[in-house]
S.K.: 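This is the structure I have questions about; it appears just below.
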Amino acid sequence: MSDQRIPVMQLIDGFATVEHSGGASQFGIQLARHLDRTYFAPFVCGLWQYGTLSEERWRAQLEQEGIGSAILIEKPTMIGADMLRAAALLHQLLERVRPLVINSHFERGDLLGLWSKLRSPLHPQIVRTMHTDQQWQTRPWLGRMLNLAAFPWLFDSEVAISRAVQVAMDRRIAARPNGRQAVLIYNGISSALLAPPLPARPGRARRPARPPRIAIIGRLEQQKGHRYFMQAGVKLLRRITDLQMWIVGCGSLKPDLEAYAAKLGIAHATQFLNQRDDVPEILGKIDLLVSSSLWEGFPTVILEAMAARVPVVATNVSGSRELVRNGETGLLVPAAQPEPLAAAMLWILENPSEAERLTVNAWHQVHAFTIERAAQAYDRLYCDILGV
């Protein structure tokens, strides 16, 4: 590889994608891994250290692949103090890595990217990837101020990961007179996750002999709507008494959700599998993936289920509705309503032939949403803003 490659930094919340940081950080890491290495020298910078297994594995894998990485805040304190420290440490890191492009994938990374553009003598080009249209949940006033007025003027490019996010970004006050439009680049999964070519799995159109299994996979936070999934499970268990409900993930709501399962009387049927890094293996053991989210950016777990040819029931929220075409590639139901959710889940489980039809359609669709295609689009974007 030539020493003249363009240094590009991906700025993420952290490397603990399984336990803390989630899909946006994982995408930032995967993007670094899939950029064209003949033109770009990728680097990944995390804001916080979490000290988890997935963090350790990701950094070791990046090092093995010749991709540099760093963590700014190794001992978190107060958010204000951490941000001041992070700004100073990032300035030092930029002097060493000397990136010509910084791509942020989270809220506070956006602020650090802007600071870097103004403060660093390199004045790197800054790109903001917006992974949801519901950012700054804890400080909505700050999000409105930055999103509506400042960001369209200050970033060299902004990327929306779904059509819904793009529409929200293009409606901002500053975006309209400035003529700035967000670039639509869908997130994606590795093409290696795609199941073997169709036809395969000849027995999938029949209900398996074991008890049926449904799963929800994601962080245990309010966004994912786990309570509605569990309420729907109560209704389902009246018809399918041996149903197994898997809740995969970790998060601040775990104790509350465990107590809620006991309150609903479904603890015997509910398994909390904690954080897992073997999602493809889990998908191979279930009969239905449920996404009961109250909002979404572009949920890659749905893509993973489609790639594995697992039926999907999802709430009709932005992001999810761009992946699931109701009655064609899965089923969509209203958010925060357990009764239609339960009805859709029951229909999938009681109609295996129809469910198989949905998975076949979904499998063909998912080929358009790979990380390889997304990385090629970012390759072009970086070249455009750099004028090369």
Side-chain angles (χ1 to χ4, degrees), residues 18 189 193-218 220 224-250 254 257-258 260-262 264-292 299-315 324 329-331 333 338-363 366:
V18 174
I189 60 172
L193 294 176
L194 291 169
L198 296 172
R201 299 187 177 187
R204 279 295 295 272
R206 300 188 300 272
R207 182 170 171 174
R210 58 165 173 74
R213 298 169 180 160
I214 60 176
I216 180 172
I217 302 175
L220 307 189
K224 301 301 181 180
H226 289 88
R227 283 181 172 247
Y228 302 106
F229 169 75
M230 297 165 76
Q231 291 169 22
V234 172
K235 301 177 184 300
L236 221 60
L237 281 161
R238 295 171 186 160
R239 292 282 299 270
I240 306 175
T241 57
D242 60 346
L243 179 71
Q244 296 179 1
M245 301 170 57
W246 291 2
I247 298 179
V248 183
C250 60
K254 184 182 179 183
L257 293 175
E258 289 177 328
Y260 194 55
L264 293 176
I266 61 171
H268 68 286
T270 307
Q271 295 184 52
F272 288 84
L273 302 186
N274 298 319
Q275 66 267 17
R276 299 288 290 266
D277 58 3
D278 59 345
V279 170
E281 182 178 341
I282 290 173
L283 291 171
K285 296 178 179 178
I286 64 174
D287 306 295
L288 172 63
L289 176 83
V290 178
S291 174
S292 54
T300 54
V301 69
I302 291 180
L303 287 175
E304 292 175 325
M306 289 178 167
R309 304 216 307 276
V310 174
V312 174
V313 172
T315 46
V324 180
T329 61
L331 296 182
V333 298
E339 289 198 7
L341 178 60
M345 293 157 62
L346 181 63
W347 187 89
I348 290 288
L349 295 176
E350 292 190 338
N351 294 275
S353 295
E354 281 297 297
E356 180 72 358
R357 176 182 64 82
L358 299 179
T359 63
V360 170
N361 293 339
W363 184 85
V366 79

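In this text the structure is predicted, and so the values were computed from the model without any measurement. Worth knowing before you read on, the calculation uses all heavy atoms, side chains too, and leaves out hydrogens, waters and symmetry mates.
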S.K.: Assess whether atom CZ of F229 is packed by more than 12 heavy atoms of other residues, nucleotides or ligands within 6.0 Å.
M.R.: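 Yes, the 6.0 Å shell around CZ holds more than 12 heavy atoms from other groups.
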
S.K.: With a 4.5 Å limit on heavy-atom distance, are the side chains of I240 and D242 in contact?
M.R.: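 A side-chain contact under 4.5 Å exists here.
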
S.K.: Check A232 against M345 and note the closest heavy-atom contact, atom names and distance.
M.R.: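 Heavy atoms of A232 and M345 come nearest at CB-SD, 4.0 Å.
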
S.K.: Only counting residues at least two apart or in another chain, list the ones meeting side-chain hydrogen bond (donor to acceptor under 3.5 Å, both in side chains) with R227.
M.R.: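 side-chain hydrogen bond (donor to acceptor under 3.5 Å, both in side chains) list for R227, sorted by chain: empty.
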
S.K.: Do you know which two heavy atoms are closest between L331 and A344, and how far apart they sit?
M.R.: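 Of all heavy-atom pairs spanning L331 and A344, the closest is CD1-O, 3.7 Å.
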
S.K.: Output the distance between atom CE (M230) and atom CD1 (I266), rounded to the nearest 0.5 Å.
M.R.: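 Result: 4.5 Å between the selected atoms.
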
S.K.: List the residues meeting side-chain hydrogen bond (donor to acceptor under 3.5 Å, both in side chains) with E354, not counting sequence neighbours, and say none if there are none.
M.R.: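 Only R357 meet the side-chain hydrogen bond (donor to acceptor under 3.5 Å, both in side chains) criterion with E354.
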
S.K.: How many angstroms lie between atom NE2 of H226 and atom NZ of K254, to the nearest 0.5 angstrom?
M.R.: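 The NZ atom of K254 is 11.5 Å from NE2 of H226, to the nearest 0.5 Å.
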
S.K.: So which of L220, N274, L273 actually passes side chain to side chain contact (heavy atoms under 4.5 Å, CB included) with I247?
M.R.: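 When side chain to side chain contact (heavy atoms under 4.5 Å, CB included) is applied between I247 and each of L220, N274, L273, only L220 qualifies.
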
S.K.: Where do A342 and L236 come nearest, in terms of heavy atoms and distance?
M.R.: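 Where A342 meets L236 most closely, the heavy atoms are O-CD1, 3.3 Å.
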
S.K.: Is there side-chain contact between P280 and L193, with heavy atoms separated by less than 4.5 Å?
M.R.: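 Yes; the side chains approach each other to less than 4.5 Å.
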
S.K.: May I ask you to decide if G225's main-chain N or O and S292's side chain share a donor-acceptor pair within less than 3.5 Å?
M.R.: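 Answer holds: yes.
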
S.K.: Start with the C-alpha distance between F272 and L257, add both sets of side-chain angles, then the distance that settles side-chain contact (heavy atoms from CB on, under 4.5 Å), and finish with yes or no.
M.R.: CA-CA 9 Å; F272 288 84; L257 293 175; 3.9 Å; yes

S.K.: How many angstroms lie between atom CG of L358 and atom CE of M306, to the nearest 0.5 angstrom?
M.R.: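 That separation rounds to 9.0 Å.
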
S.K.: Search all heavy atoms of P340 against all heavy atoms of V333 and return the closest pair with its distance.
M.R.: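 Heavy atoms of P340 and V333 come nearest at O-CG1, 3.5 Å.
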
S.K.: List the atom of I189, the atom of V366, and the distance in Å for their closest heavy-atom pair.
M.R.: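 Heavy-atom minimum between the residues: CD1-CG2, 4.3 Å.
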
S.K.: What verdict does the side-chain contact (heavy atoms from CB on, under 4.5 Å) test give for R239 and E350, after you've listed the backbone C-alpha separation in whole Å, the side-chain angles of each residue and the deciding distance to 0.1 Å?
M.R.: CA-CA 10 Å; R239 292 282 299 270; E350 292 190 338; 3.1 Å; yes

S.K.: How far does CD of Q244 sit from NE2 of H268, to the nearest 0.5 angstrom?
M.R.: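 Going from CD on Q244 over to NE2 on H268, the span is 10.5 Å.
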
S.K.: Return the minimal non-hydrogen interatomic distance between I286 and A215, and the atom names on each side.
M.R.: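 So the two residues come closest at CD1-CB, 3.8 Å.
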
S.K.: Can you find a side-chain donor-acceptor pair between Y260 and Q231 that sits under 3.5 Å?
M.R.: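 Q231 and Y260 do have a side-chain donor-acceptor pair below 3.5 Å.
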
S.K.: Taking only residues two or more places apart in sequence, or in another chain, which ones meet K285 in a side-chain hydrogen bond (donor to acceptor under 3.5 Å, both in side chains)?
M.R.: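 Listed in chain order: E281.
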
S.K.: Side chains of I216 and V248: does their closest heavy-atom pair fall under 4.5 Å?
M.R.: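 No. Closest side-chain heavy atoms not under 4.5 Å.
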
S.K.: Start with the C-alpha distance between V312 and T359, add both sets of side-chain angles, then the distance that settles side-chain contact (heavy atoms from CB on, under 4.5 Å), and finish with yes or no.
M.R.: CA-CA 8 Å; V312 174; T359 63; over 6 Å; no

S.K.: Just to verify, which of L194, I217, L283 counts as forming a side chain to side chain contact (heavy atoms under 4.5 Å, CB included) with E304?
M.R.: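 The option that passes is L283.
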
S.K.: Starting from the C-alpha separation in whole Å, work towards a yes-or-no answer on side-chain contact (heavy atoms from CB on, under 4.5 Å) for L289 and I214.
M.R.: CA-CA 6 Å; L289 176 83; I214 60 176; over 6 Å; no

S.K.: Kindly say whether P212 contributes a backbone atom to a donor-acceptor pair with the side chain of D287 at under 3.5 angstrom?
M.R.: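 Side chain of D287 to backbone of P212: no pair is present.
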
S.K.: Is the side chain of T241 donor-acceptor paired with the backbone N or O of L237 at a distance under 3.5 Å, no angle test?
M.R.: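 No; judged by distance alone, with no hydrogens or angles, the pair does not exist.
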
